[in-house]
S.K.: 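So that we are looking at the same thing, I have put the structure below in structure tokens.
Just so we're clear, the structure is a prediction, and the values are computed from it rather than from any experiment. A note on names: the letters A, B, ... follow the listed sequences, proteins ahead of strands, and every chain is numbered from 1.
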There are 2 protein chains.
Amino acid sequence: MNLKKLSTLLGLSQTTVSRALNDYPEVSEATRARVKAAATAHNYTANTRAKSLATGRSMAIGHVIPISTRHEIVNPIFADFIAGAGEVYSRNNHDMLLSVVPDKDEERTYRELAGKASVDGVIMHGPRPNDPRIKLLKSLSIPFVVHGRASDGDTDYSWVDVNNRRSFERAANFLFDLGHVRLGLINGLEFMDFARRRKDGFLDAHRQRGIAADPALMVSGEMAEDVGYQSARDMLGRAEAPTALIVSSMIMAIGVRRAIGDMGLKMGRDISVIIHDDVLSYLPNGADIPIFTATKSSVHHAGQLCAQMLLDIIRAKDQTPRHTLLETGLTVGESTGPLRQR
Amino acid sequence: MNLKKLSTLLGLSQTTVSRALNDYPEVSEATRARVKAAATAHNYTANTRAKSLATGRSMAIGHVIPISTRHEIVNPIFADFIAGAGEVYSRNNHDMLLSVVPDKDEERTYRELAGKASVDGVIMHGPRPNDPRIKLLKSLSIPFVVHGRASDGDTDYSWVDVNNRRSFERAANFLFDLGHVRLGLINGLEFMDFARRRKDGFLDAHRQRGIAADPALMVSGEMAEDVGYQSARDMLGRAEAPTALIVSSMIMAIGVRRAIGDMGLKMGRDISVIIHDDVLSYLPNGADIPIFTATKSSVHHAGQLCAQMLLDIIRAKDQTPRHTLLETGLTVGESTGPLRQR
DNA sequence: GAAATCACTCAAAGCGCTTTGGAAATGATT
DNA sequence: AATCATTTCCAAAGCGCTTTGAGTGATTTC
């Protein structure tokens, strides 16, 4: 079933049928109703390809997911982000185009997305400091929103980000207030911008208190359970072990908890832990009382915000960049307590 | 830059340029080289929309992800599946179209995907017993592959699945062999086909041994950490507590481990646990010796297989359904041990 | 009663590509 | 030199839609 058939079937021209379906005013309500009824009756939907060829809009948003061996991005956090963004697209009749590409092909993929005109806009994931992709996207003059920020870039662009620096600064200060002095940081990969900012916040808090941060107590790695486990074991096994840990993700924290259990320690008493919680649906942070004291920020919500911002930009044609900075709350759970003298 | 401009630029017709780029034989190698060089030089890629309108193929595969409140599907397992499938699509120059829709709109979405002709095929996720979507997809006559199976359907269709029944049957028998008699099952939602099959396997093993399965020791729920925790606490707190548990996913198992720890028990000694491990990259099952005894099957690999099968079907035009049944290995880890008399 | 307005409707062009059915140029064969 | 096959190229149709610019009849206004 296509426009042509439908219109001959109705005894109308293609123009009228098209206008009726797309809610143009130049069509009487009577015919509009008749046309719409026929469309649903014959299960007619306009062919997207033809439609976007004619209109110049593809009604689709691209997400480019780079993969290396075991990369940051194809992870549970990403899944929740996508779910959030996808909801917004659906509500706005847009499609989501996902390209999973080896990271060396990432640039080519962006070029092609622009050249092939298969999307109206792009969400960029996992920005690094001074990320070259931002210049690339600007030069391709395709609307885009970055999930996160790329420090030190001279250009302005649209982004949605969590205040990671402030978040970790507060977390560290919270632990200092409880009497802790030796803090450990188990961070994400620090060539990622968010991880770098978190470390900055961690260090800022130390500076404010005049406490020296021990480089041996700051590690950075993939956000995986085993990395959390191994890092915690290593740190807690040291002569000068930390009395509190700040952990960059729930997944890592699960490994940290396993390590603490294996070492016969009790979390919240022998060792305090603060995590950053992305509020993943299948990894809730306890029911009533949170298991972990946490800085939290829903990545699902971030996905919605990014998607909505991009759609707004595409619609608005006002290309001044937009920014959303999300603050995190610090929720106290059972994993933190005052420093105990041993 | 488009075909027209490029061809006038080269002093050739659009036909020739198109044929040169698409490796048709009717073009001399000399001109082909010249054309290709010009294309890359001017950063030309054929407009996908126009191309697919002309060819009738969209070079895209659709994935419809239904969401309810906190649904099975938008989960870490899904993320790894998508990553696997996406890799295959990229290698074959296909795009992945993701539709995240409220489950009540799922049928409409499939209808539209077919009507709008925006994809060449579809991967169906999370089949239920007697799933109506299969009939729908057949009636829309669009190529599709199901990840999993829908029991009791009379029609044949293409699928990639894990032998879930056998897998859980073996797991239960393994525990029986260790002397356990009271086994607990912490399963996924049993309106999902895979969960139903797992339960069947669990029950089959009981039948083989002439052991009665206690309904109080079989729970089914969302595959989330807290569900695992609560289920384990409930079961282990009973007067007639199980001495071994079979858990349907790593995420749930993390909650189970937490419950066991909170109750002061030791896994592998006081209580045995076997899990099904989907081999998620960021939740590895230990390094050398697995933490959990597990039946394992990589969902990432399943994603690749589904994608490849679908592409094959689309290409082949031989529409006889294909099937791939993946067997799981039973890997022994530290979470199981012989029954101890208390 | 003629002119102007309004409410609908339509034919046809165009979006950027592929592909059919030739045509022109080249080379080989008689 | 004429014929034929081969290679190389092209004009134009068509994919299914939107949108421009124009036309029709009915209604209102002068």
Side-chain angles (χ1 to χ4, degrees), chain A residues 1-36 38-39 42-60 93-95 112-120 142, chain B residues 1-36 38-39 42-60 93 95 111-120 142:
Chain A
M1 178 53 64
N2 56 18
L3 228 208
K4 200 171 183 177
K5 281 193 210 156
L6 188 68
S7 51
T8 53
L9 208 112
L10 281 160
L12 292 171
S13 77
Q14 295 191 35
T15 313
T16 307
V17 175
S18 169
R19 296 202 141 147
L21 292 173
N22 293 320
D23 291 324
Y24 277 64
E26 307 89 324
V27 128
S28 73
E29 278 313 313
T31 44
R32 187 191 309 289
R34 199 164 65 94
V35 169
K36 286 200 170 179
H42 294 83
N43 207 7
Y44 170 76
T45 335
N47 181 311
T48 340
R49 307 180 307 211
K51 188 165 187 164
S52 44
L53 185 57
T55 58
R57 277 166 292 114
S58 62
M59 301 296 277
N93 298 311
H94 277 246
D95 291 321
E112 285 184 5
L113 277 182
K116 299 190 296 185
S118 38
V119 298
D120 294 336
I142 182 172
Chain B
M1 178 54 62
N2 55 18
L3 228 209
K4 200 172 183 177
K5 281 193 208 156
L6 188 68
S7 50
T8 54
L9 208 111
L10 281 160
L12 293 171
S13 76
Q14 295 190 36
T15 313
T16 308
V17 175
S18 169
R19 298 202 140 149
L21 291 174
N22 292 320
D23 292 323
Y24 277 65
E26 308 87 326
V27 125
S28 73
E29 279 313 313
T31 43
R32 187 192 307 287
R34 199 163 66 93
V35 168
K36 287 201 170 177
H42 295 82
N43 206 10
Y44 170 78
T45 336
N47 181 311
T48 340
R49 307 180 307 214
K51 189 165 186 164
S52 45
L53 184 56
T55 56
R57 278 167 290 116
S58 62
M59 302 295 277
N93 298 311
D95 290 320
R111 288 214 127 81
E112 285 184 5
L113 277 182
K116 298 190 299 184
S118 37
V119 297
D120 294 335
I142 183 171

S.K.: Are any of B:Y44's side-chain N or O atoms less than 4.0 Å away from OP1 or OP2 of C:dG16?
M.R.: no

S.K.: In whole Å, what is the span from the OH atom of A:Y24 to the P atom of C:dT9?
M.R.: 16 Å

S.K.: Within the 4.0 Å heavy-atom criterion, would you say A:S52 contacts the bases, only the backbone, or no part of the nucleic acid?
M.R.: nothing

S.K.: Without decimals, in angstroms, what is the distance between B:N47 CG and C:dC17 P?
M.R.: 6 Å

S.K.: Is a side-chain N or O of A:T45 found less than 3.5 angstrom from the main chain of B:E112, in a donor-acceptor match?
M.R.: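 Pair absent, no side-chain N/O of A:T45 close to backbone of B:E112.
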
S.K.: Would you indicate which nucleotide in D:dT8, C:dG16, D:dT18 comes nearest to any side-chain atom of B:L53?
M.R.: C:dG16

S.K.: Can you tell me the distance, in whole Å, between the NZ atom of A:K5 and the P atom of D:dC17?
M.R.: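 That distance rounds to 10 Å.
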
S.K.: Find the distance B:Q14:CD to D:dC15:P and express it as a whole number of Å.
M.R.: 17 Å

S.K.: Among C:dC10, D:dC10, D:dT18, which is the nearest nucleotide to the side chain of B:R19?
M.R.: D:dC10

S.K.: Between B:T31 and B:S28, do the side chains contain an N or O donor and an N or O acceptor separated by less than 3.5 Å?
M.R.: yes

S.K.: From C-beta outward on B:A54, which listed nucleotide comes closest to its side chain: D:dC17, C:dG16, D:dT8?
M.R.: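 Ranking D:dC17, C:dG16, D:dT8 by closest atom to the B:A54 side chain puts C:dG16 first.
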
S.K.: Between B:S13 and B:T55, name the one whose nearest nucleotide on DNA chain D is closer to the 5' end.
M.R.: B:S13

S.K.: Could you state the CG-P distance from A:L10 to C:dC10, rounded to the nearest angstrom?
M.R.: 10 Å

S.K.: For the side chain of A:S18, starting at C-beta, report the closest nucleotide among C:dT19, D:dT19, D:dG16.
M.R.: D:dT19

S.K.: Is a donor-acceptor contact shorter than 3.5 angstrom present between the side chain of B:T15 and the base of C:dT19?
M.R.: yes

S.K.: Does some side-chain heavy atom of A:Q14 sit less than 4.5 Å from a side-chain heavy atom of A:L3?
M.R.: yes

S.K.: Looking at A:A50, is its backbone amide N or carbonyl O close enough to the side chain of B:R49 to form a donor-acceptor pair, meaning the two atoms are under 3.5 Å apart?
M.R.: no

S.K.: Mind calculating the distance between CG (B:N22) and C1' (D:dC9) to the nearest angstrom?
M.R.: 16 Å

S.K.: Quick check for you: among C:dT18, D:dC9, C:dT9, whose closest atom lies nearest to any side-chain atom of B:V27?
M.R.: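 Closest nucleotide to the B:V27 side chain: D:dC9.
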
S.K.: Rounding to a whole Å, what distance do you find between A:E26:CD and D:dA22:P?
M.R.: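 The distance from CD of A:E26 to P of D:dA22 comes to 16 Å, rounded to the nearest Å.
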
S.K.: What integer distance in Å separates B:L21:CG from D:dC9:P?
M.R.: 13 Å

S.K.: Is it the case that the side chains of A:T16 and A:S13 hold a donor-acceptor pair, with the cut-off being a distance below 3.5 Å and no angle test?
M.R.: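 Yes, a side-chain donor-acceptor pair sits under 3.5 Å.
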
